[in-house]
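Order of the sequence lines fixes the chain letters, A, B, ..., with proteins taken first and strands second; residue numbering starts at 1 for each chain. What you see is a predicted model; the values in this text were computed from it and never measured.
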2 protein chains.
Amino acid sequence: MQRDTKQKRAILKVLTGTRSHPTAEWIYNEVRNEIPNISLGTVYRNLRLMADAGDILELDMCGAVSRFDARRDNHYHFRCERCGEVCDVDEPVHQELDEKVAKVTGFTVSYHKLVFVGLCRECPGTPISKS
Amino acid sequence: MQRDTKQKRAILKVLTGTRSHPTAEWIYNEVRNEIPNISLGTVYRNLRLMADAGDILELDMCGAVSRFDARRDNHYHFRCERCGEVCDVDEPVHQELDEKVAKVTGFTVSYHKLVFVGLCRECPGTPISKS
DNA sequence: TTAGGTGCAAAACCTTTGCCATCCC
DNA sequence: GGGATGGCAAAGGTTTTGCACCTAA
């Protein structure tokens, strides 16, 4: 069972108090203002705990390692959260989203990456609830 | 200038010949059937060369390191390819895409991750062409 | 009391890089 | 010939883990 510690509270406070999407290293530096002798391992451990519990979001695409694709055109992917397989999805690319977001944000949008996540046909069962 | 070597050809052949989205390690093992003494470094070097040249796609989200977000609801992100900043995008989540893809693929789709890529307002200039 | 958490350091893991020999162009 | 590439091994950077000591419940 998850316990309530000052380290955990401090990490969550830093994460809640920023509008950026910080890395573990950045969070570590911030938290040290409050708990100078906290260790980087503790930051990683708690971020993992909270991400797995669904208390925070971890931004990644397909896990830690890069994957490569000989197709050069932009297209969507599906990743099975049980077996880790990645495959192409036939859904056409919605380029109008790029224009819409460009208009709203004022940014220059070149393209977007989209990954559907769930269970493939070889991995029956209930989706992983992360808790 | 990019040179034409048998290592490069073999790597591209493996990548073209699979419908999976392999990791560098997996490609390395396949290529060794043809070039037993090829080194893993060469595989990485060529994948990077080809990805940077736009000959293949590299599947990743925000670079190597994980980023975290205190928002728990699914939402879209924007990443500036020049300065690396990541920020939230207000565009509502298109959940109907999940159902559509589920219907077409037969997979169970829990959610999708979407990242717009381009240049933020602080990074003027032409988008990075990767070549 | 005790299972879970912490700090520290080492290990694990993926990827890049330096060096020198080799090979395209 | 000369610069790009390959093989090898070492280094680099991020994340995880083992262990002994704490601490919240």
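Between B:Tyr76 and B:His112, the distance separating the two ring centers is shorter than 6.0 angstrom.
Proximity of A:Thr42 to the phosphate of C:dG7: a side-chain N or O atom is located under 4.0 Å from OP1 or OP2.
Interatomic distance, A:Asn46 CG to A:Leu12 CG, rounded to the nearest 0.5 Å: 9.5 Å. The distance from atom NZ of A:Lys13 to atom OG1 of A:Thr18, rounded to the nearest 0.5 Å, is 13.5 Å.
Below 30°, between 30° and 60°, or above 60°: for A:His21 and B:His77 the angle between ring planes is above 60°, a perpendicular geometry.
What separates CG of B:Leu47 from C1' of C:dT17 is a distance of 16 Å, to the nearest Å. As rounded to whole Å, 14 Å separates atom P of C:dG5 from atom CD1 of A:Ile38. Here the C1' atom of nucleotide D:dT15 and the CG atom of A:Leu40 are 8 Å apart, to the nearest Å.
When each of A:Asn37 and A:Leu49 is assigned the nucleotide of DNA chain C with its nearest heavy atom, A:Leu49 is the one assigned upstream, toward the 5' end.
Within residues 2-36 of chain B, the residues that place at least one heavy atom under 4.0 Å from DNA chain C are, in residue-number order, B:Arg3, B:Asp4.
Within 4.0 Å of B:Arg45, counting heavy atoms only, lies at least one base atom of the nucleic acid.
A donor-acceptor contact shorter than 3.5 Å links the side chain of A:Thr105 to the backbone of A:Val101.
Of the listed nucleotides (C:dG7, C:dT15, D:dG7), C:dT15 has the atom at the smallest distance from the side chain of B:Tyr44.
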Show your working on side chain to side chain donor-acceptor pair (under 3.5 Å) between A:His75 and A:Asp69 and close with a plain yes or no.
CA-CA 10 Å; A:His75 59 281; A:Asp69 192 339; 3.0 Å; yes
